[in-house]
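Okay, structure first, notes after.
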Amino acid sequence: MKYRFTKAERLTLKREFERVFQEGKVFKDAKVVLYVVVNSLPHSRLGLVVSKKVGNAVRRNRAKRLLREVYRLNKHLLAVHVDIIAIPRQPFSSDLKRSDIEDGFKKLLIKINEVCAHEVYHH
RNA sequence: AGAGUAGACAAGGUGGUCGCCGGCUCUUUCCCUUCUUCGCGAAAGAGCGGGAGGAAAGUCCGAGCUCCACAGGACACAGUGCUCCGUAACGCGGAGUCCCGGAGACGGGAAGGAAAGUGCAACAGAAAAUAUACCGUCCCAUCUUUUCAUGGGAUAAGGGUGAAAUGGCGGGGUCAUUAUUGACUUAAUGCAAGAGCCCACCGCUCUGGUGGUGACAUCGGAGGCAUGGCAAACCCCACUGGGAGAAAGGUUAAAUAGGGAGGGAUGAAGUGGUCCGCUUCAGUAAUACCUCCGGGUGAACCGUUUGAUCUCGUUGGCAACAACGAGACUAGAUAAAUGACCAUCCACGACAGGACUCGGCUUAUUGUCUACUCAAAAU
RNA sequence: GCCCCCAUCGUCUAGCGGCCCAGGAUGCCAGGUUCUCAGCCUGGAGACAGGGGUUCAAAUCCCCUUGGGGGUA
């Protein structure tokens with residue numbers, strides 16, 4: 001089932017987060033910032049960082065759930081296996097719906113394909 | 001109807017598709033084992049049933065639990081402060097007392113002590129706690145007389161302020177002048193309308209009775225006002241409080257190479273206000289030992305969800321609550337789970353997300369219902 | 001999660017419960033000086049985070065919120 005999102009597909013350890021921040025490339029649009037680095041696993045992984053400036057606990061949970069859902073439904077677009085950290089930008093209203101961020105997220109994934117495929121070829 | 005007061009309850013529902021977390025059962029694969037089974041563990045799949053709150057919040061109190069003595073003594077420090085109950089405990093709750101606010105339903109109160117001591121009170125005012133000085137007024141003396149000045153004495157009706165001026169309020173009554181009388185009597189008139197004097201009442205102090213477990217209430221008697229205010233100023237009295245907090249603490253794994261500083265016959269740590277005491281470790285003179293700094297590892301599991309638990313009933317109690325009986329198991333994550341999309345109904349969905357667990361308080365906030373109150377204004 | 005601290009003009013700060021409708025510096029505005037600017041001189045505006053309570057009187061004392069900041073294996 002390609003729409004699943006299990007524990008193995010998440011970034012958990014502190015050192016994994018640090019590796020992505022130090023070595024990753026930055027992709028961003030108006031709603032979200034992505035740090036991306038190629039990994040050597042048979043799948044991609046997602047980590048989430050939500051600042052307290054986004055809002056209270058309910059708003060932060062809402063942001064994480066939306067980003068997780070968008071990733072789950074669109075990760076099949078990725079042609080390479082990468083580690084991604086997604087950070088919602090500050091004006092992240094709790095009234096946002098999935099469709100408001102999904103289009104931009106898809107475009108970012110396609111851009112990742114272009115850049116990272118080039119990188120893999122060079123290696 | 002409107003305005004208001006108190007209390008209770010609920011916290012979107014239903015269906016579909018995709019997904020998340022953990023529990024139980026089953027299947028497959030791997031690991032373990034000489035092999036099979038059993039057992040332990042890991043991954044994947046299927047089925048069944050479960051999955052945030054009334055405040056989960058603020059972290060303001062009180063406890064459980066864990067480690068350090070089963071938390072001990074003294075001082076210090078901090079907190080609480082009407083009464084009686086309730087409770088594991090509380091600064092919480094219930095029922096009352098008194099005071100304050102409101103028209104009322106009702107609401108609020110850190111509500112002990114100022115006759116142990118210290119301190120404070122700006123401005124104004126003669127004076128702010130000491131009771132008289134000061135100013136004013138009157139009399140006398142000194143100066144040739146008056147004014148002025150100085151000294152002495154008297155003052156029974158003066159001193160505008162201020163948050164507060166020696167308890168409050170009312171009545172009597174005096175004081176001056178004139179007349180009268182044996183007289184300190186009597187009368188009239190006057191205004192600054194009279195006190196620190198007398199009387200009555202209230203308050204206060206002391207005291208006795210009655211009611212109440214008690215705070216207190218109430219009915220008397222005596223005194224003749226002594227004891228002004230502020231203790232959310234220091235303080236006194238009574239009571240309470242040892243410290244640290246789940247990043248507590250425990251087990252396993254990994255890493256234990258070398259560097260710097262200090263220490264003494266008793267030392268160091270626990271102990272984080274100080275001292276004593278207690279416990280643990282090391283221990284008789286040095287390439288050792290102990291402590292600190294710095295460096296390394298910082299992963300997994302337990303703690304972690306059955307508890308002062310919840311629901312119903314009976315009994316006791318005004319109530320908070322307690323006792324007994326029956327039944328139920330009701331989140332357990334660890335970068336952190338409840339979501340997304342579609343349809344539909346309605347009141348069109350506010351505040352808001354567990355992180356060891358409870359009992360409260362406070363704050364944010366939507367709607368419904370019940371009971372009660374109503375002065376003024378409006379219909 | 002837990003434990004602490006702070007809040008005064010735009011900014012940095014003073015401030016014994018009463019001399020405080022809060023002082024100073026810097027910045028801002030206006031005027032003067034200068035041919036002009038800078039500098040200098042004079043004047044002005046501008047704040048006790050919010051809400052309750054204690055007190056005759058609160059920036060100050062007490063309580064509750066709000067908003068910042070820091071520490072913690």
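Here is how names work: the chains are called A, B, and so on, in the same order as the sequence lines, proteins then strands, and each is numbered from 1.
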So how far is it from [X] [atom1] to [Y] [atom2], rounded to the nearest 0.5 Å?
X: A:K31; Y: A:L67; atom1: NZ; atom2: CG; result: 11.5 Å
X: A:L46; Y: A:K64; atom1: CG; atom2: NZ; result: 11.5 Å
X: A:F5; Y: A:E69; atom1: CZ; atom2: CD; result: 10.0 Å

Check which hydrophobic residues are tied to A:F21 through side-chain heavy-atom contacts below 4.5 Å, counting indirect links as well, and list them.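 Members alongside A:F21: A:L11, A:F17, A:V20, A:V26, A:V33, A:Y35, A:V37, A:V49, A:I85, A:I87.
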
Indicate yes or no for a side-chain donor-acceptor contact from A:D29 to the backbone of A:V32 under 3.5 Å, with no hydrogens or angles considered.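 Indeed, once roles are kept as given, a pair shorter than 3.5 Å links the two residues.
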
Using a 3.5 Å distance criterion without hydrogens, assess whether the side chain of A:N61 forms a donor-acceptor pair with backbone atoms of A:V58.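 Between the backbone of A:V58 and the side chain of A:N61 there is no qualifying donor-acceptor contact (under 3.5 Å).
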
Hey, which of A:I84, A:L66, A:L48 is the one that makes side-chain contact (heavy atoms from CB on, under 4.5 Å) with A:Y71?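 The option that passes is A:I84.
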
Which label fits B:rG113, syn or anti, where anti is any glycosidic angle not within 90° of 0?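 Judged by the O4'-C1' to base torsion, B:rG113 sits in anti, the angle falling more than 90° away from 0.
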
Below 3.5 Å between N/O atoms, which protein atoms pair up with nucleotides 44-46 of chain B? Just atom names and distances, please.
residue	atom	partner	partner atom	Å
B:rG45	OP1	A:R4	NH1	2.2
B:rG45	OP2	A:R4	NH1	3.4

Between A:R68 and B:rA337, is there a contact of a side-chain N or O with OP1 or OP2 at under 4.0 Å?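 Yes, within the criterion.
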
Interatomic distance at [atom1], [N] relative to [M], whole Å:
N: B:rU274; M: B:rC77; atom1: P; result: 15 Å
N: B:rG221; M: B:rA319; atom1: P; result: 44 Å
N: B:rU83; M: B:rC98; atom1: P; result: 15 Å
N: B:rA323; M: B:rA89; atom1: P; result: 12 Å
N: B:rU311; M: B:rA78; atom1: P; result: 43 Å
N: B:rA71; M: B:rC82; atom1: P; result: 31 Å
N: B:rC225; M: B:rG196; atom1: P; result: 12 Å
N: B:rA63; M: B:rA105; atom1: C1'; result: 39 Å

Need one value for A:R10: base, sugar-phosphate or nothing, where a base atom within 4.0 Å counts as base even if backbone is also close, heavy atoms only.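 The residue A:R10 makes sugar-phosphate contact but no base contact.
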
Among B:rC341, B:rA335, B:rG339, the nucleotide that comes nearest once only the side chain of A:K97 is considered: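 So the side chain of A:K97 is nearest to B:rC341.
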
What's the [atom1]-[atom2] distance between [X] and [N], to the nearest Å?
X: A:L66; N: B:rC341; atom1: CG; atom2: P; answer: 7 Å
X: A:E9; N: B:rC20; atom1: CD; atom2: C1'; answer: 12 Å
X: A:Y35; N: B:rA335; atom1: OH; atom2: P; answer: 21 Å
X: A:K64; N: B:rG339; atom1: NZ; atom2: P; answer: 14 Å
X: A:I101; N: B:rG339; atom1: CD1; atom2: C1'; answer: 12 Å

Each nucleotide N or O in nucleotides 350-356 of chain B that has a protein N or O under 3.5 Å away: list the pair and distance.
residue	atom	partner	partner atom	Å
B:rG353	OP2	A:A57	N	3.4
B:rG353	OP2	A:V58	N	3.3
B:rG353	N7	A:N61	ND2	3.4
B:rG353	O6	A:R65	NH1	3.4

Which comes earlier along RNA chain B counting from the 5' end, the contact point of A:L73 or that of A:F17, where each point is its nearest nucleotide?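 First, find each residue's nearest nucleotide; the 5'-ward one identifies A:L73.
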
